[in-house]
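Owing to the predicted nature of the structure, the values given are computational and were not obtained by experimental measurement.
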Amino acid sequence: HGTILTMSASCSTGLDDVSARKLVSDTCLASLAGFVFGGGLSIRPTADAFIEANRTTKFTNKLHMQSELNTAVMNRFMVRGSYWGWRTGAFVGLFKYVDEGRPLSDTGMHGLMVLLL
């Protein structure tokens with residue numbers, strides 16, 4: 001599946017096979033790093049907000065409270081991680097594409113859309 005993506009990217013953008021593979025690899029790595037970074041930033045504020053909002057709430061036991069806290073933190077981690085991840089990947093992918101010395105006007109918007117999709 002990765003080979004098909006790389007081959008279609010190289011045909012549409014004018015990048016050679018090695019450059020296209022590196023571009024896809026760097027973009028995926030940046031997206032993963034952005035996901036972890038963005039999700040990590042949300043852990044403490046989410047936990048603090050949950051504890052503050054539920055101070056007077058009566059949970060059935062400590063395990064129930066901990067389970068609800070973990071669910072709230074994980075949901076927020078996924079939302080914030082996704083928010084940061086795709087933006088980081090798009091920025092790095094576009095930057096690396098332009099950095100290869102191929103201005104966007106060489107391939108037109110079709111090449112850019114192939115890279116972003």
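Taking both residues in full, the closest heavy atoms of Gly89 and Ser31 are given as CA-OG, 3.1 Å, listed atom of the first, atom of the second, then distance.
Scanning for side-chain contact (heavy atoms from CB on, under 4.5 Å) contacts around Val73 gives Ile43, Thr46, Ala47, Leu69, with sequence neighbours left out.
A single hydrophobic cluster is seen to contain both Met74 and Phe50, as judged by linkage of ILVMFWY side chains at heavy-atom distances under 4.5 Å, directly or through other members. Leu94 and Leu29 fall into different hydrophobic clusters, where Ile, Leu, Val, Met, Phe, Trp and Tyr side chains are chained together by heavy-atom contacts under 4.5 Å.
Annotation: the span from Phe95 atom CZ to Leu23 atom CG amounts to 12.0 Å, rounded to 0.5 Å. Rounding to the nearest 0.5 angstrom, the gap separating the CG atom in Asp26 from the NZ atom in Lys96 is 4.5 Å.
Evaluation of the side chain to side chain donor-acceptor pair (under 3.5 Å) test over residues 77-91, restricted to residues two or more places apart or in two chains, returns none. Sequence neighbours left out, the pairs with a member in residues 61-78 that pass side chain to side chain donor-acceptor pair (under 3.5 Å) are Gln66-Asn70.
By the 6.0 Å contact criterion, CE on Met78 is open, its count of non-hydrogen atoms from other residues, nucleotides or ligands being 12 or less.
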